Amino acid sequence: MKKKVFSIVSLSTVLWINAQEKDSLNQKKIEEVVITGQYMQQSINKSIYKVEVIDAQQIKNMAVTTAAEVLNQNLNILIEPDSGNGDSRASIMGLGGSYTKVLIDNIPVVGDQGMGNQIDLSKINVNNIERIEIVKGAMGVEYGNNAVAGVINIITKKNYTQKVTALLSLQEETVGKDYDWYKKGNGRHIQALNLGFRLSNNWSLTADINHNDFQGYEGDLNGYKYFNLSNDKKRGYEWLPKDQLTGNAAIRYSKNNTSFFYKVNFLTEDINFRDPRITDYPLGGGERTFISQDRDYFTKRWIHQFNIQTKLGSRINYQGDFSYQIQERKYQDYIYDVPNRQTLSTDEKKVYYDTKVFYSRGMFSNFLDNEKINFQLGYELDNTSGFAGSSTFEFNNNGKNIEQSIFNYANFLSAEWRIDEKFSLRPGVRLALSNKFDSQYNYSLTARYNTTSRSDVRVVFGSSNRFPTYEELYTSVVDNNHDIRGNENLKPETGYSFGLFYDYSMPAVNNWKVNVSLSGMFLDVQDRIENVIVSNEPLKYTFLNINNYRSLLFGGGLTVKKDNFSLNAGVSVMGISQELISGTVVSPDDYNFYAEANLGANYTLDKTKTLFALYYKYTGVRKQFTQKFDQNPSAAPEYILGEVGDFNMLNFTLTQPFFNNHLELSLGIKNIFDVSSVRNTISSGGAHNAGADIQNLFYGRSYFARLNYNF
């Protein structure tokens, strides 16, 4: 009902857009600067780090509905959905979500298990994103723990150039072949409203609200109403139904050398799990029915952030962030009468995860007021209070809840030395202290050299660490079939990366602008935490720091622009070497390589302003050693070469503006090759688990229509 009311209101008030002339000019200016890994906001061409940028125009052309969809187009990033809880997390350079730091406006985002890592990217609204900045490789000096594989920094919109801006949007989308807006509610239904007020030359206000109603994808299952006496486990959804409502509001001030903003973000999300299994249930009086034990998840998140940039005295730059964040996920179990389609009983809501964080980060720079050398001194602290209910883990944790607080404090120091007009150097170091783990040291050394006026080379070395998760530290499952125990003595994993990047801009010929880039990276992670057998008789598992992981990455990119045409293409080859240990048996650590390629092309017709946008990505067959599952737990372990199948993704969008760019209609197809799942024989769990034969990645070919209106 909420979806229908929202949609009717959106339709009756007319719908959204994009393309204001003044705002477009402002957006072009925004595209030229980055903040990730910088002392102060500066041109991307002058950044000492290699920063990949996805701007608001690209996001709009893709017609994506979440940040997860945006990032899936990027090379060496794979968004992995979890069919158990509905989350989607980023895997960078073959490492999962716990190795990637996700930021919003330069601060880590609260998640179920802490700050910045294991973040569900489908919970991030794309309608208020100004750009996404990505830095791959270990970024421990700048961003602390868990920034092992890289950093994803989502920059939100905070001001507009026009005095009043109102953008209204409606998008309807099929989910695979399923769509029914009126009767059943199948498909995806999105409504969004963005407001901006420029109160004066110094003050601005922004606000937005976004409703994203995803009705689930059945795939090989048959939905929650399905009933079969043979209990064929075909009830439910491969992708769980998910209903999200997000809102943002921000106030911003800027004058002379001082600017600040306060921003608040709210999210509420409902996810529905329908158990594929049914069981016989007596009703009394000789009557019976068949029931399923279903579960709903309810998430609420608040993010409060205050940012200030100013000068202390006449020259010292100060940038400070202060944030208080809360994320609570509850669950509610109920017994559902499948044949009669009614709920028989409902349990009380219980806490699944509850995380509260106070975070602050401050940076001081420009102590010498010297163009050749600049220092940055910074601090970072976070106090995280976490709660995990006993049912959070797979086997129920013996009824024991987990409630822990971790306080981390760090100081970091770096110096950027512009040796001459061509060569810049930045060394850095961080000391991190914790009330739970031993002190951690991270180091970085970055160099940038302008080989010519049109080309430059970047060399980047950095280290980082990953803190153990709740499950790895505190799991305690002991019953007749399992003995799996966490290990509170685990130490953080440590990793480092080395990267070499080359960029070249060719001289313009007949308005053709061509940029070429080449890159190579090496990533090494030591003391990886793995769930291993510590006793065969009786069979016992625990988590230990025993494994190593390495990856090699080689890539190239091409950007071509002329007038109304633009093309971005890239290719990469990545090799993964992973050492697994079980008792005295060690897996091979050979590198196994696979290829990826992507392409994005846009063309706008001069007369009609019709935009054609095409996005393609190929991911090759990935091979990796994994432990062979054996029904006999006392059998000697054996390692085999598993693989994840290749796939192609192709999306197409056509956009037509009307009425002097006030009204805009977009039509398109996503996942034209109709990919839903791939074969996966690589274990995604502990070394003792068999990998699933099939991995769900997408929900097949879908069609969408979007109407935008700019008042």
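Quick caveat: nothing in here was measured; it's all calculated off a predicted structure. Computation of the quantities below employed the complete heavy-atom set of this structure, encompassing side-chain atoms and omitting hydrogens, waters and symmetry-equivalent molecules. Quick note: residue numbers are just sequence positions, from 1.
Between the side chain of N194 and the backbone N or O of N127 there is at least one donor-acceptor pair closer than 3.5 Å. Using a distance-only test at 3.5 Å, with no hydrogens or angles considered, no donor-acceptor pair links the side chain of R89 to the main chain of G96. A donor-acceptor distance shorter than 3.5 angstrom exists from the side chain of Q58 to the backbone of D55, with no hydrogens or angles considered. Panel note: side chain N598, backbone Q73; a donor-acceptor pair is recorded below 3.5 Å. Looking only at distances, no side-chain donor or acceptor of K158 sits under 3.5 Å from a matching main-chain atom of A250. Distance alone, capped at 3.5 Å, places no donor-acceptor pair between the E133 side chain and the G37 backbone. With hydrogens and angles disregarded, no donor-acceptor distance shorter than 3.5 Å links the side chain of K562 to the backbone of V560. Formation of a donor-acceptor pair under 3.5 Å by the Q325 side chain with backbone atoms of V110 is found in this model. A side-chain donor-acceptor contact under 3.5 Å links Q440 to the backbone of D438. A donor-acceptor pair under 3.5 Å links the side-chain atoms of N366 to the main chain of R315, judged by distance alone.
Taking CG of D369 as the start and CD1 of I316 as the end, the distance is 10.0 Å to the nearest 0.5 Å. To the nearest 0.5 angstrom, R466 atom CZ is 11.5 Å from T494 atom OG1. Separating the CG atom in L267 from the CG atom in N125 is a distance of 9.5 Å, to the nearest 0.5 Å. Taking OH of Y324 as the reference point, atom CD1 of I303 lies at 12.5 Å (rounded to 0.5 Å). Going from atom OH of Y549 over to atom CD1 of I576 covers 3.5 Å, rounded to the nearest 0.5 Å. Expressed to the nearest 0.5 Å, how far CG of N651 lies from CG of N72 amounts to 9.5 Å.
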Next item on the list: Would you check, one step at a time, whether the test salt bridge (charged side-chain N to carboxylate O under 4.0 Å, His left out) holds for K157 with D208?
Entry: CA-CA 10 Å; K157 298 176 182 177; D208 64 82; over 6 Å; no

Next item on the list: Given side-chain contact (heavy atoms from CB on, under 4.5 Å), test Y39 with N317 step by step and report yes or no.
Entry: CA-CA 9 Å; Y39 288 178; N317 296 326; over 6 Å; no

Next item on the list: Output, in order, the C-alpha distance, side-chain angles, deciding distance and verdict of ring pair (Phe, Tyr, Trp, His ring centres under 6.0 Å) for Y318 and F364.
Entry: CA-CA 5 Å; Y318 170 69; F364 304 84; 4.9 Å; yes

Next item on the list: Check the pair N602, Y615 against side-chain contact (heavy atoms from CB on, under 4.5 Å), reporting the backbone distance first and the verdict last.
Entry: CA-CA 9 Å; N602 297 285; Y615 295 94; 3.5 Å; yes

Next item on the list: Would you please test I373 and L368 for side-chain contact (heavy atoms from CB on, under 4.5 Å) and show each step?
Entry: CA-CA 8 Å; I373 191 163; L368 302 178; 3.6 Å; yes

Margin query: Would D382 and R361 count as a salt bridge (charged side-chain N to carboxylate O under 4.0 Å, His left out) here? Give the steps.
Written below: CA-CA 9 Å; D382 73 80; R361 185 172 189 253; over 6 Å; no

Margin query: Determine whether D87 and K123 satisfy the following criterion, side-chain contact (heavy atoms from CB on, under 4.5 Å), listing intermediate values before the conclusion.
Written below: CA-CA 8 Å; D87 289 354; K123 286 185 173 68; 3.3 Å; yes

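Partner of I308 under the side-chain contact (heavy atoms from CB on, under 4.5 Å) criterion, out of Y253, F261, F260: F260 alone. Each of H304, R252, Q305 was evaluated against Y262; a single residue qualifies, H304, per the side-chain hydrogen bond (donor to acceptor under 3.5 Å, both in side chains) test. Under the side-chain hydrogen bond (donor to acceptor under 3.5 Å, both in side chains) rule, N465 has a single partner from N146, D527, N442, which is N442. Under the side-chain contact (heavy atoms from CB on, under 4.5 Å) test applied with Y49, the options R426, K136, R458, R448 reduce to a single match, R426.
Taking both residues in full, the closest heavy atoms of T446 and I48 are given as CG2-O, 3.3 Å, listed atom of the first, atom of the second, then distance. Nearest heavy atoms, E472 versus T469: OE1-N, 2.9 Å. Nearest heavy-atom pair, L431 versus S439, reported as atom, atom and distance to 0.1 Å: CD1-CB, 4.2 Å. Among all heavy-atom pairs drawn from S464 and G144, the shortest one is OG-O, 3.2 Å. Closest approach of N435 and I406 over heavy atoms only: OD1-CA, 3.5 Å. Contact between G140 and R430 at its shortest, heavy atoms only, is O-NE, 2.9 Å.
By the 30° and 60° cut-offs, the orientation of the rings of Y409 relative to Y379 is parallel.
Within the structure, ring-ring contact (aromatic ring centres under 6.0 Å, His included) contacts touching residues 419-458 (residues at least two apart or in different chains) are F437-F467.
Heavy-atom contacts from other residues, nucleotides or ligands closer than 6.0 Å to NZ of K263 number more than 12.
T258 and T310 share a side-chain donor-acceptor pair at under 3.5 Å. When only modelled atom types and interatomic distance are considered, N106 and Y143 share a side-chain donor-acceptor pair under 3.5 Å. For the 3.5 Å distance criterion, the side chains of Q42 and S47 fail to qualify, holding no donor opposite an acceptor. With hydrogens and angles left out, the side-chain atoms of D112 and Q327 include a donor and acceptor closer than 3.5 Å. There is no side-chain donor-acceptor pair under 3.5 Å between S365 and N374. With no hydrogens or angles considered, a side-chain donor-acceptor pair links Y99 and E493 at under 3.5 Å.
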Show the atom names and distances, to 0.1 Å, of all donor-acceptor pairs under 3.5 Å that link a side chain in residues 563-570 to residues at least two apart or in another chain.
| unit_1 | atom_1 | unit_2 | atom_2 | d |
| --- | --- | --- | --- | --- |
| N564 | ND2 | T604 | O | 3.2 |
| N564 | ND2 | D606 | OD1 | 2.6 |
| N568 | OD1 | T559 | OG1 | 3.0 |

Please tabulate, for the side chains in residues 513-525, all donor-acceptor contacts under 3.5 angstrom to protein atoms that are two or more places apart in sequence or on a different chain.
| unit_1 | atom_1 | unit_2 | atom_2 | d |
| --- | --- | --- | --- | --- |
| N515 | OD1 | S505 | OG | 2.7 |
| S517 | OG | G557 | N | 3.4 |
| D524 | OD2 | R550 | NE | 2.7 |

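Salt-bridge formation is not detected for the pair K101/E142: no Lys NZ or Arg NE/NH1/NH2 atom is positioned less than 4.0 Å from an Asp or Glu carboxylate oxygen.
With contacts defined as side-chain heavy-atom distances shorter than 4.5 Å, the pair I152/L71 qualifies.
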